[in-house]
Amino acid sequence: IAVAVTTPDNLICEDETTGLTAIGSGGTGPYTYLWSSVPASNVSGSTSDTPTFIPAVTGVQVVYAFTVVATDNFGVVCTATGNVNITVDPIPTVLPVTIVDANICNGSSTNVQIANSEAGVNYQLRNNVGNVSIGSPVAGTGLAAAIDLPTGVLTTSGLTTFNVLAINTTTGCDTQMSNTIGVTVN
(Lines give C-alpha, C1' and ligand atoms only; values in the text may rest on other atoms or scores of the structure.)
Protein backbone atom coordinates (compact mmCIF):
# COMPACT_ATOMS: atom_id res chain seq x y z
CA ILE A 1 0.00 0.00 0.00
CA ALA A 2 1.12 3.57 -0.71
CA VAL A 3 -0.39 7.02 -0.18
CA ALA A 4 0.25 10.22 -2.14
CA VAL A 5 -0.42 13.49 -0.26
CA THR A 6 -0.95 16.92 -1.82
CA THR A 7 -2.34 20.38 -1.07
CA PRO A 8 -3.17 23.11 -3.59
CA ASP A 9 -1.63 25.73 -1.27
CA ASN A 10 1.55 25.18 0.77
CA LEU A 11 1.48 28.85 1.86
CA ILE A 12 -1.65 30.57 3.17
CA CYS A 13 -2.66 33.45 5.43
CA GLU A 14 -4.18 32.62 8.80
CA ASP A 15 -7.62 33.85 7.68
CA GLU A 16 -7.67 31.40 4.75
CA THR A 17 -8.32 27.68 4.42
CA THR A 18 -6.88 25.06 2.12
CA GLY A 19 -7.54 21.46 1.24
CA LEU A 20 -5.50 18.34 1.73
CA THR A 21 -5.70 15.28 -0.50
CA ALA A 22 -4.65 11.68 0.13
CA ILE A 23 -4.76 9.05 -2.60
CA GLY A 24 -4.22 5.46 -1.52
CA SER A 25 -2.93 2.86 -3.96
CA GLY A 26 -1.91 -0.78 -3.92
CA GLY A 27 -3.32 -3.12 -1.32
CA THR A 28 -7.06 -3.65 -1.17
CA GLY A 29 -9.50 -0.73 -1.29
CA PRO A 30 -11.47 1.05 -0.12
CA TYR A 31 -8.97 2.90 2.06
CA THR A 32 -9.52 4.69 5.35
CA TYR A 33 -7.58 7.81 6.31
CA LEU A 34 -6.60 9.51 9.54
CA TRP A 35 -4.99 12.97 9.49
CA SER A 36 -2.94 14.61 12.24
CA SER A 37 -0.59 17.58 12.44
CA VAL A 38 2.21 19.12 14.47
CA PRO A 39 1.34 21.51 15.95
CA ALA A 40 -2.19 20.23 16.44
CA SER A 41 -4.67 21.97 14.14
CA ASN A 42 -8.26 22.10 13.05
CA VAL A 43 -8.74 19.71 10.16
CA SER A 44 -12.38 19.46 9.12
CA GLY A 45 -12.93 15.87 7.98
CA SER A 46 -9.86 14.33 9.61
CA THR A 47 -10.95 10.85 8.45
CA SER A 48 -11.63 11.97 4.87
CA ASP A 49 -9.36 11.63 1.86
CA THR A 50 -9.96 15.38 1.21
CA PRO A 51 -10.18 17.29 4.51
CA THR A 52 -10.06 21.07 4.88
CA PHE A 53 -7.39 22.77 7.00
CA ILE A 54 -8.63 25.76 9.00
CA PRO A 55 -5.64 27.41 10.73
CA ALA A 56 -5.80 29.10 14.10
CA VAL A 57 -5.15 32.83 14.33
CA THR A 58 -1.84 33.00 16.21
CA GLY A 59 -0.26 36.27 15.06
CA VAL A 60 2.99 34.50 14.10
CA GLN A 61 4.13 32.35 11.20
CA VAL A 62 3.49 28.65 11.88
CA VAL A 63 4.55 25.64 9.79
CA TYR A 64 2.10 22.76 10.15
CA ALA A 65 3.45 19.27 9.39
CA PHE A 66 0.52 17.08 8.33
CA THR A 67 0.62 13.30 8.42
CA VAL A 68 -2.00 10.98 7.00
CA VAL A 69 -2.16 7.27 7.73
CA ALA A 70 -3.92 5.31 5.01
CA THR A 71 -5.21 1.86 5.86
CA ASP A 72 -6.39 -0.64 3.28
CA ASN A 73 -9.30 -3.08 3.56
CA PHE A 74 -7.25 -6.29 3.50
CA GLY A 75 -7.75 -8.88 6.27
CA VAL A 76 -4.24 -8.15 7.57
CA VAL A 77 -4.03 -4.43 8.34
CA CYS A 78 -1.68 -2.70 5.94
CA THR A 79 -0.89 1.01 6.32
CA ALA A 80 1.08 3.72 4.58
CA THR A 81 2.02 7.18 5.81
CA GLY A 82 2.25 10.41 3.82
CA ASN A 83 3.33 13.92 4.79
CA VAL A 84 2.88 17.50 3.61
CA ASN A 85 3.74 20.88 5.17
CA ILE A 86 1.67 24.07 5.07
CA THR A 87 3.09 27.44 6.16
CA VAL A 88 0.57 29.85 7.65
CA ASP A 89 1.47 33.56 7.70
CA PRO A 90 -0.14 35.96 10.18
CA ILE A 91 -2.58 38.66 9.18
CA PRO A 92 -2.00 42.23 10.42
CA THR A 93 -3.34 43.09 13.86
CA VAL A 94 -6.90 44.40 13.75
CA LEU A 95 -6.89 47.96 15.15
CA PRO A 96 -9.63 50.54 15.74
CA VAL A 97 -10.04 53.36 13.23
CA THR A 98 -10.74 56.94 14.35
CA ILE A 99 -11.46 60.23 12.56
CA VAL A 100 -10.01 63.70 13.14
CA ASP A 101 -13.19 65.59 12.06
CA ALA A 102 -16.46 63.68 11.62
CA ASN A 103 -18.21 66.80 10.22
CA ILE A 104 -16.58 68.93 7.54
CA CYS A 105 -17.59 71.58 5.02
CA ASN A 106 -18.03 70.80 1.33
CA GLY A 107 -14.67 71.00 -0.43
CA SER A 108 -12.70 70.13 2.72
CA SER A 109 -10.84 67.02 3.82
CA THR A 110 -9.96 65.23 7.04
CA ASN A 111 -7.83 62.32 8.19
CA VAL A 112 -8.75 58.82 9.25
CA GLN A 113 -6.27 57.67 11.90
CA ILE A 114 -4.84 54.44 13.22
CA ALA A 115 -2.83 54.39 16.46
CA ASN A 116 -0.27 51.67 17.23
CA SER A 117 0.20 50.84 13.55
CA GLU A 118 2.50 47.94 12.71
CA ALA A 119 5.85 48.36 10.97
CA GLY A 120 5.89 46.32 7.74
CA VAL A 121 2.17 46.88 7.20
CA ASN A 122 0.58 49.33 4.74
CA TYR A 123 -2.82 50.82 5.55
CA GLN A 124 -5.15 51.60 2.65
CA LEU A 125 -8.11 53.94 3.19
CA ARG A 126 -11.17 52.80 1.21
CA ASN A 127 -14.66 54.07 0.53
CA ASN A 128 -16.87 51.51 2.25
CA VAL A 129 -19.16 51.43 -0.81
CA GLY A 130 -17.35 49.04 -3.14
CA ASN A 131 -14.07 49.15 -1.14
CA VAL A 132 -12.68 51.74 -3.58
CA SER A 133 -9.14 52.80 -2.59
CA ILE A 134 -8.70 56.44 -1.55
CA GLY A 135 -5.19 57.80 -2.12
CA SER A 136 -2.06 55.74 -1.63
CA PRO A 137 -1.36 53.23 1.15
CA VAL A 138 0.33 54.66 4.25
CA ALA A 139 3.16 52.70 5.88
CA GLY A 140 2.76 51.69 9.52
CA THR A 141 5.40 52.96 11.91
CA GLY A 142 5.32 50.50 14.80
CA LEU A 143 4.81 53.48 17.13
CA ALA A 144 1.93 54.47 19.40
CA ALA A 145 1.44 57.78 17.57
CA ALA A 146 -1.40 57.69 15.05
CA ILE A 147 -0.78 57.60 11.32
CA ASP A 148 -2.98 59.76 9.07
CA LEU A 149 -4.88 58.44 6.06
CA PRO A 150 -6.18 61.51 4.17
CA THR A 151 -9.73 61.38 2.83
CA GLY A 152 -8.93 63.77 0.03
CA VAL A 153 -11.28 66.64 -0.76
CA LEU A 154 -14.91 65.60 -0.21
CA THR A 155 -17.55 67.35 -2.31
CA THR A 156 -20.60 65.09 -2.02
CA SER A 157 -23.00 66.28 0.69
CA GLY A 158 -24.07 63.72 3.27
CA LEU A 159 -22.36 60.79 4.94
CA THR A 160 -19.36 59.02 3.42
CA THR A 161 -18.24 55.86 5.20
CA PHE A 162 -14.66 54.64 5.10
CA ASN A 163 -12.87 51.41 6.05
CA VAL A 164 -9.16 50.58 6.23
CA LEU A 165 -7.42 47.52 4.80
CA ALA A 166 -4.09 46.53 6.38
CA ILE A 167 -1.64 44.67 4.10
CA ASN A 168 1.55 42.95 5.30
CA THR A 169 4.21 44.14 2.84
CA THR A 170 6.21 40.91 3.07
CA THR A 171 3.54 38.21 2.94
CA GLY A 172 0.64 40.03 1.26
CA CYS A 173 -1.71 38.83 4.02
CA ASP A 174 -4.39 41.40 4.68
CA THR A 175 -7.32 42.18 6.95
CA GLN A 176 -9.88 44.93 7.27
CA MET A 177 -9.69 47.02 10.43
CA SER A 178 -12.34 46.46 13.09
CA ASN A 179 -14.67 49.36 12.36
CA THR A 180 -15.83 51.75 9.69
CA ILE A 181 -15.80 55.51 10.18
CA GLY A 182 -18.17 58.13 8.79
CA VAL A 183 -17.61 61.70 7.65
CA THR A 184 -20.55 64.02 7.09
CA VAL A 185 -20.08 66.74 4.49
CA ASN A 186 -22.26 69.85 5.05
Side-chain angles (χ1 to χ4, degrees), residues 1-97 114 116-133 137-142 163-180:
I1 181 172
V3 63
V5 183
T6 61
T7 180
D9 249 333
N10 288 90
L11 178 64
I12 63 173
C13 298
E14 65 188 359
D15 62 346
E16 299 173 332
T17 63
T18 192
L20 299 160
T21 301
I23 301 172
S25 61
T28 304
Y31 306 96
T32 59
Y33 301 94
L34 182 60
W35 291 88
S36 61
S37 70
V38 175
S41 65
N42 184 7
V43 177
S44 175
S46 64
T47 58
S48 166
D49 61 338
T50 56
T52 300
F53 169 48
I54 305 165
V57 175
T58 63
V60 296
Q61 186 183 71
V62 179
V63 177
Y64 291 87
F66 288 92
T67 301
V68 64
V69 177
T71 305
D72 76 354
N73 199 26
F74 187 63
V76 176
V77 176
C78 297
T79 63
T81 302
N83 301 291
V84 67
N85 290 344
I86 297 176
T87 301
V88 179
D89 284 328
I91 58 174
T93 301
V94 176
L95 301 168
V97 177
I114 297 180
N116 300 306
S117 63
E118 292 180 89
V121 173
N122 284 341
Y123 296 87
Q124 177 64 61
L125 182 64
R126 304 186 302 180
N127 187 313
N128 203 51
V129 176
N131 292 325
V132 176
S133 294
V138 176
T141 62
N163 69 56
V164 176
L165 184 69
I167 307 142
N168 182 301
T169 58
T170 302
T171 66
C173 293
D174 63 21
T175 193
Q176 186 171 307
M177 297 295 93
S178 62
N179 62 297
T180 58

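Keep in mind it's a predicted model, so treat the numbers as computed, not measured.
One finds the CD atom of Gln176 at 6.5 Å from the CG atom of Asn128 (value rounded to the nearest 0.5 Å). Distance CD1/Ile1 to OG/Ser25: 7.5 Å, rounded to 0.5 Å. In this structure, Leu34 CG and Ser36 OG are separated by 6.5 Å, a value rounded to the nearest 0.5 Å. Note that CG of Leu11 and SG of Cys13 are 7.0 Å apart. Values are rounded to the nearest 0.5 Å. With values rounded to the nearest 0.5 angstrom, Asn168 atom CG is found 10.5 Å from Ile91 atom CD1.
Nearest heavy-atom pair across Thr141 and Ser117 is N-OG, 2.9 Å. Taking both residues in full, the closest heavy atoms of Pro55 and Glu16 are given as CD-O, 3.0 Å, listed atom of the first, atom of the second, then distance. Considering all non-hydrogen atoms of both residues, Trp35 and Ala22 come closest at CZ2-CB, 3.6 Å.
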Just list the side-chain donor-acceptor pairs under 3.5 Å for residues 46-54, sequence neighbours left out, or say none.
| unit_1 | atom_1 | unit_2 | atom_2 | d |
| --- | --- | --- | --- | --- |
| Ser48 | OG | Thr50 | N | 2.9 |

Which pairs would a plain distance check flag for residues 60-68, meaning a side-chain donor or acceptor within less than 3.5 Å of a matching protein atom at least two apart in sequence or in another chain?
| unit_1 | atom_1 | unit_2 | atom_2 | d |
| --- | --- | --- | --- | --- |
| Gln61 | NE2 | Asp89 | OD1 | 2.6 |
| Thr67 | OG1 | Asn83 | OD1 | 2.8 |

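Remark: Asn73 pairs with no residue by the side-chain hydrogen bond (donor to acceptor under 3.5 Å, both in side chains) rule, at least two apart or across chains. Listed by chain and number, the residues in a side-chain hydrogen bond (donor to acceptor under 3.5 Å, both in side chains) with Thr180 amount to none (sequence neighbours excluded). Remark: Asn42 engages no residue in a side-chain hydrogen bond (donor to acceptor under 3.5 Å, both in side chains) (not counting sequence neighbours). For Ser41, the side-chain hydrogen bond (donor to acceptor under 3.5 Å, both in side chains) partners two or more places apart in sequence, or in a different chain, are Ser37.
Residues Thr58 and Pro90 have side chains not in contact (no heavy-atom distance under 4.5 Å, counting atoms from C-beta outward). The shortest distance between side-chain heavy atoms of Ile167 and Pro137 does not fall below 4.5 Å. Inter-residue side-chain proximity for Leu20 and Ile86 is flagged as met; some heavy-atom pair is nearer than 4.5 Å. At a threshold of 4.5 Å between non-hydrogen side-chain atoms, the residues Val69 and Thr71 count as touching. Put simply, the side chain of Val84 reaches to within 4.5 Å of the side chain of Asn10, judged on heavy atoms.
Side-chain N or O atoms of Asp9 include none that pairs as donor or acceptor with a backbone N or O of Ile12 at under 3.5 Å. With hydrogens and angles ignored, the 3.5 Å screen pairs no side-chain donor or acceptor of Tyr33 with any backbone N or O of Thr21.
Considering Thr93, Ile114, Asn163 in turn, Ile114 is the only one that fulfils the side-chain contact (heavy atoms from CB on, under 4.5 Å) rule with Met177.
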